[in-house]
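Heads up: the structure comes next, in structure tokens.
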Amino acid sequence: MTDLQGRRAGQPVIAIDTVTKRFGGSVTAVDRVSLEIAPGEFFALLGPSGCGKTTLLRMIAGFESPTDGRILIDGQDMSHVSPNKRPINMVFQSYAVFPHMTVAKNVAYGLKVTGVPQSEIAGRVEEALELVHLGGYGARKPDQLSGGQRQRVALARALVKRPKVLLLDEPLSALDAKLREAMQLELVRLQESVGITFIIVTHDQSEALSMANRIAVMERGSVRQLASPADLYENPANRFVADFIGKVNLFEARVASRDNGSLVLHVQGLGEVRLPQGMGAAEAGRADLALAVRPEKLRLERERPSPERLGFEGQVQQVAYYGETSSVFLTDQAGHSIAVSIQNEGRSTQPMVTVGERVWCSWAPEDTLLLAD
Amino acid sequence: MFRRGNREPIGPLEYARRLHLRLLFFVTLVFLYAPIVVLVIFSFNDSRRGGNVIWRGFTTDYYVKAFNNESLMEAFANSLTIAFVCTLVSVVLGALTAVMLWRFRFPFKAGFEGAVALPIVIPEICMGVAMMVFFARSGISVPPDWGYPWNLGNITIAHIAFSFPFVAMVVRARLANFNRELEESAKDLGATEWQVFRDILIPHMRPGLVAGGLLAFTLSLDDFVITFFTSGPDTVTFPVKVYSMVRFSVTPEVNAASTVLILITLVLTALAIWLQNREKKETRQ
């Protein structure tokens with residue numbers, strides 16, 4: 001099989017084949033999306049609100065039907081399969097724990113309605129509750145649980161069905177920051193132990209980066225890039241992805257000349273910049289080029305940096321202290337604001353630069369990103 | 001520590017400490033409950049003859065007399081039978097109407113919704129006359145020679161017609177705050193439409209069903225106007241019977257029968273409130 005997107009060979013557990021969803025004839029929520037998800041993957045659909053990620057998830061679950069295209073689960077066309085017949089389960093954003101049933105009855109519900117024998121249910125419920133660390137909570141009512149515990153009930157209720165795929169719709173958005181971090185690790189551990197494919201929808205890039213093996217970044221109904229977390233961060237395919245994943249400094253640029261294999265750009269605010277050999281060969285023809293650098297790849301110095309590094313001299317506008325890091329905001333000659341992220345390694349309580357000071361900012365040429373579109 | 005309340009200035013929300021509001025509250029209570037209290041007290045009045053206005057000593061004789069009054073007891077049984085059947089049918093019909101109005105979109109939905117609510121706003125006297133004409137002219141009417149309980153059919157149908165819109169209203173309001181994700185999640189777990197309805201939707205509607213059912217029961221039990229137009233000589237209900245007794249004289253017997261009715265209503269209301277509180281505790285998240 002093709003391996004263009006770094007996926008494993010073999011039959012995908014979910015294949016989304018040029019799926020389009022239009023609401024009311026005019027609003028296109030999902031626009032010709034094609035994706036293949038391999039068994040055992042932890043896959044994330046990431047994007048700002050309104051990008052179509054939830055609609056795509058609901059189409060996989062069967063709550064919406066595609067206007068165009070097909071969705072296959074394990075090679076089976078799901079077009080005419082209702083949600084209750086699909087071999088997948090979902091954890092809803094509100095958890096949707098049944099308020100009138102005990103925890104054990106909630107978890108048992110999916111088994112009961114599909115005719116699993118009574119004798120088998122009790123054991124499987126117990127096992128599922130153990131899996132999410134809720135052993136002994138079976139007799140409680142949902143209103144006696146915290147938000148995090150209710151989410152575990154929703155997880156156990158879905159996992160007890162042993163689905164081929166587990167869908168999670170913004171599962172961490174209702175939890176507070178500390179609990180969210182713990183749950184991120186917990187979900188990864190859970191996914192590894194049960195070996196089920198997880199598909200998570202999130203608008204939080206740090207969630208997607210820390211949990212998923214592969215991420216599809218969506219914008220206005222289309223997938224803008226499909227890659228591993230590190231690849232997305234270090235090699236974003238376009239401005240939208242570069243800007244949405246992490247922080248980035250963007251400079252408008254145009255091709256000035258070519259010089260035996262390397263490209264020389266005219267960059268607004270920086271002047272002539274010579275790119276390393278081979279970089280930007282594909283993008284060179286494009287008109288709307290931008291040069292980008294991540295804030296943590298930049299280095300601040302009082303002296304002019306060595307000539308092999310790219311850089312400029314700027315003036316410090318503001319320093320923001322975050323504890324483990326500080327952000328320094330510089331303005332270049334053209335008046336752009338550039339963010340530099342600095343690790344606060346020592347215990348010094350003095351800021352390393354002062355506002356108004358002129359400093360040199362530089363980066364290694366290979367850390368440069370050239371973005372078209 | 002004991003502190004004289006009036007020493008402190010009255011806060012903006014401390015309505016209970018303002019004299020004129022206390023007075024208003026007291027007067028309201030008197031107007032609401034004085035007649036009922038008098039009714040209950042005079043059901044124990046030992047008056048020999050008609051004119052039950054002067055206190056002549058305590059007795060429970062009239063309760064015994066009321067329970068031994070065959071036609072009064074028959075009317076009472078009729079009323080309870082009608083109220084029971086009317087409640088059952090109204091709850092089912094009202095709940096289904098509410099689910100339909102909440103769940104589906106169909107042509108002329110707004111018009112249908114208005115038509116369902118019409119019996120609530122139409123004057124009872126009009127409903128009564130309309131029902132009488134309907135039963136007389138349409139031929140859809142229970143023959144008067146049918147025995148109990150079939151002879152109560154006309155009254156029961158009339159009662160259902162004006163009770164079920166109330167149930168529909170109450171249940172509809174309850175459905176408005178239903179989390180659709182509960183329904184989707186049940187389906188996702190493998191439940192069919194019917195299983196979702198039985199296991200998820202009905203438990204959610206239950207407080208509305210209880211409240212609506214109670215409403216239907218009390219509406220039916222004490223309805224006079226519509227019943228008056230649809231009842232025959234053999235199908236007298238409790239309110240109609242009390243009316244005919246009062247036309248002769250207000251005896252403590254009438255008071256006694258009414259007190260029993262009030263007691264039944266109170267017990268049922270308390271039961272419904274208790275049930276609803278329990279539900280509320282369960283559904284709180």
Side-chain angles (χ1 to χ4, degrees), chain A residues 54 57-58 60-64 81-102 105-116 140-147 149-150 153-163 165-170 174, chain B residues 91 95 98-99 102-107 109 170-213 271-285:
Chain A
T54 298
L57 195 78
R58 288 175 60 81
I60 298 173
F63 297 121
E64 309 280 356
V81 181
S82 54
N84 56 341
K85 298 275 192 299
R86 297 191 181 198
I88 52 180
N89 285 106
M90 184 154 164
V91 174
F92 288 81
Q93 194 170 5
S94 70
Y95 314 147
V97 175
F98 306 132
H100 57 283
M101 296 184 194
T102 61
K105 285 215 174 105
N106 260 285
V107 178
Y109 187 74
L111 301 176
K112 212 182 82 187
V113 291
T114 44
V116 174
R140 297 229 191 157
K141 279 287 183 81
D143 64 343
Q144 294 168 303
L145 302 178
S146 69
Q149 287 169 333
R150 276 209 286 278
V153 174
L155 271 170
R157 189 174 67 177
L159 288 172
V160 80
K161 299 262 301 173
R162 296 175 188 154
V165 181
L166 183 74
L167 309 176
L168 300 112
D169 185 10
E170 300 269 5
Chain B
V91 166
V99 170
W102 167 71
R103 181 76 186 268
F104 300 105
R105 266 182 291 174
F106 49 88
K109 182 176 170 177
V170 174
V171 176
R172 178 94 201 268
R174 174 77 192 162
L175 283 172
N177 58 34
F178 179 72
N179 176 6
R180 290 303 284 266
E181 286 197 348
L182 290 177
E183 180 190 344
E184 288 180 344
S185 137
K187 258 186 221 164
D188 183 68
L189 291 167
T192 58
E193 289 283 351
W194 163 246
Q195 283 167 328
V196 172
F197 182 70
R198 188 192 61 193
D199 301 336
I200 311 301
L201 207 55
I202 288 187
H204 177 83
M205 291 194 296
R206 197 177 296 140
L209 297 178
V210 170
L271 190 75
I273 290 172
W274 178 74
L275 275 174
Q276 262 184 310
N277 279 344
R278 213 184 51 173
E279 295 273 349
K280 226 179 269 169
K281 234 178 91 190
E282 270 177 18
T283 52
R284 199 185 49 218
Q285 269 204 0

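Chain naming here is simple, since letters A, B, ... match the order of the sequence lines and numbering starts at 1 in each. Only this structure's heavy atoms are used, side chains among them; waters, hydrogens and symmetry mates stay out.
Side-chain contact between A:Pro99 and B:Leu182 is present, with heavy atoms from C-beta onward closer than 4.5 Å. Using a 4.5 Å heavy-atom threshold, the side chains of A:Met90 and B:Glu184 count as separate.
Under a 3.5 Å cut-off, the side chain of A:Asn89 and the backbone N or O of B:Asp188 do form a donor-acceptor pair. Looking at B:Glu181, its side chain never comes within 3.5 Å of a backbone N or O of A:Phe92 through a donor-acceptor pair. Panel note: side chain A:Asn84, backbone B:Lys187; no donor-acceptor pair is recorded below 3.5 Å.
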Set out, in order, the CA-CA distance, both residues' side-chain angles and the distance that settles side-chain contact (heavy atoms from CB on, under 4.5 Å) for A:His100 and B:Arg206, then state yes or no. CA-CA 11 Å; A:His100 57 283; B:Arg206 197 177 296 140; over 6 Å; no
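Residue B:Asn179 touches chain A through its side chain alone, counting heavy-atom pairs closer than 4.5 Å. Neither the backbone nor the side chain of A:Gln144 has a heavy atom closer than 4.5 Å to any heavy atom of chain B.
Heavy-atom pairs under 4.5 Å with chain B were tallied for A:Arg86, A:Lys85, A:Arg157; the largest tally goes to A:Arg157.
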What donor-acceptor contacts under 3.5 angstrom involve side-chain atoms of residues 109-116 of chain A, with partners at least two apart or in another chain?
| unit_1 | atom_1 | unit_2 | atom_2 | d |
| --- | --- | --- | --- | --- |
| A:Tyr109 | OH | B:Asp199 | OD2 | 2.7 |
| A:Thr114 | OG1 | A:Gly110 | O | 2.7 |
| A:Thr114 | OG1 | A:Leu111 | O | 3.2 |

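Residues forming a side-chain contact (heavy atoms from CB on, under 4.5 Å) with B:Leu271 (at least two apart in sequence, or on another chain): none.
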